[in-house]
Amino acid sequence: MHAQLLTAARQPLVAAELPAPRPGRQQVLIAVRACAVCRTDLHVVDGELVDPKLPLVPGHEIVGIVVEKGEAADRFAVGDRVGVPWLGGTCGVCDYCRGGQENLCDRARFTGYQIDGGYAELTVADERYCFAIDPRYGDVEAAPLMCAGLIGYRTLRMAGDGRRLGIYGFGAAAHIVAQVARHQGRRIFAFTRPGDVAAQDFARSLGAEWAGDSTALPPEPLDAALIFAPVGPLVPAALAATRKGGTVVCGGIHMSDIPTFPYRILWEERVLRSVANLTRRDAEEFLALAPEAGVRTETVTYPLARANDALGDLRSGALQGAAVLVP
Ligand SMILES: [Zn+2]
Ligand SMILES: [Zn+2]
């Protein structure tokens, strides 16, 4: 099968011809129809997330068709369409797994990081971490739901239910979260790189009532802020824009260093927190909610062979919506 392979950090992916993977006992073999490109893939390729499996097939926003099953796999039938997210496996017995926080499992394994992912024609996945995809979505359209959507949704949930919601970094996750938040009746204030008028227009088209530079203060204090851009200085910026008792949630897996800031912007019971990974419950909730909320995804498709171009466009911030690879 054709695949795009990371052989060393900070190197471009290379096209490779690999043997077709075989499904293990509780795994399904999946013919990949679409795999979205996540900011996390860039952090892996750029060496900001250390110790990936090498060589590695990246990609953890996979939509495909089950073509074969392991002997103990019985959740899906051959021919079913499934989605595969970042969470690829958990131990099931650690305190986190037993306490409803499998996203923090001590021995979690992640798709496209410790497990080969979806930048390929075929992939295998543990069926217990796969999800059915609503038929209202096409394959390409559904792919960004599997991480930008799922982890974006977890980030939104952690922000509480304040009505005035700031979103810093208006990429793939933000464009989905904004639609969910609008559906919940919240008001959206979008913050982009200074001067990025195109991204600000994109945010307004998705229901933001205000869009401006990340260095600016919003017209009203925020009840909560979500940070999706991997830029540490956004943390004090978001705290300064958030009201007393409000919450700032960092939704990414990696961020540049956060500069020192005066205690007074955290004081008055503002809360600063991060979100890590996802639980299967997040996935079930979000994948049921998205079609009901009318969430649509904006995508730019690339043939699998152009994976490096997709990563490059994501790095440069040129994309509006999500990049999706199609084998
Ligand atoms: Zn565990
Ligand atoms: Zn991701």
Side-chain angles (χ1 to χ4, degrees), residues 4 6 13 26 32 34-46 48-49 52-53 56-63 83-119 123 125-126 128-131 140 142-156 158 169-177 226-230 249-255 274-283 286-287 290 297 299-300 307 310-311 313-315 319 321-325:
Q4 290 282 315
L6 179 71
L13 304 182
Q26 272 195 285
V32 177
C35 183
V37 177
C38 177
R39 183 84 215 182
T40 298
D41 301 345
L42 261 188
H43 293 313
V44 173
V45 170
D46 290 346
E48 290 158 342
L49 291 186
K53 167 191 181 294
L56 171 73
V57 179
H60 58 268
E61 302 188 79
I62 306 167
V63 172
V84 182
W86 170 245
L87 186 72
T90 56
C91 77
V93 298
C94 74
D95 288 346
Y96 295 110
C97 281
R98 289 191 299 199
Q101 291 180 295
E102 66 178 359
N103 59 309
L104 302 178
C105 172
D106 288 329
R107 288 183 290 278
R109 286 155 48 77
F110 299 106
T111 312
Y113 188 35
Q114 287 112 5
I115 305 170
D116 280 335
Y119 288 17
T123 193
D126 186 322
R128 293 168 295 179
Y129 300 84
C130 296
F131 299 92
V140 167
L145 301 177
M146 295 311 301
C147 186
L150 294 187
I151 294 184
Y153 172 70
R154 185 175 178 85
T155 307
L156 177 64
M158 295 301 169
F170 216 86
H175 99 285
I176 294 172
V177 167
L226 316 181
I227 303 178
F228 291 115
V249 189
C250 302
I253 195 169
H254 172 84
M255 200 179 239
S274 67
V275 155
N277 314 317
L278 69 139
T279 65
R280 283 173 282 182
R281 198 182 135 201
D282 294 328
F286 173 72
L287 292 172
T297 60
T299 56
V300 181
L311 289 167
D313 289 347
L314 184 56
R315 188 184 283 112
L319 287 167
V324 180
L325 301 179

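In each ligand, atom 1 is the first atom listed, and ligand 1 is the first ligand listed. Keep in mind the model is a prediction, meaning the values are calculated, not measured. Just so you know, residue 1 is the first one in the sequence shown, and it goes up from there.
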**Asked** Counting only protein N/O/S, how many atoms fall short of 2.8 Å from the Zn ion (ligand 2)?
**Response** 3

**Message:** What I want to check is whether the side chains of Y96 and N103 have a donor and an acceptor closer together than 3.5 Å.
**Reply:** no

**Asked** salt bridge (charged side-chain N to carboxylate O under 4.0 Å, His left out) with D313: which residues, sequence neighbours excluded?
**Response** none

**Asked** Is the closest basic N to carboxylate O distance between D126 and R109 below 4.0 Å?
**Response** no

**Fill in**
Heavy-atom nearest pair, C97 first then G92, reads SG-N, 3.3 Å

**I253 to H43 - nearest heavy-atom pair and separation** = CG2-CD2, 3.8 Å

**Asked** Rounded to 10°, how many degrees is the angle SG/C91-the Zn ion (ligand 1)-SG/C97?
**Response** 120°

**Complete:** All heavy atoms of R154 vs all of A276, minimum pair found to be NE-O, 4.1 Å

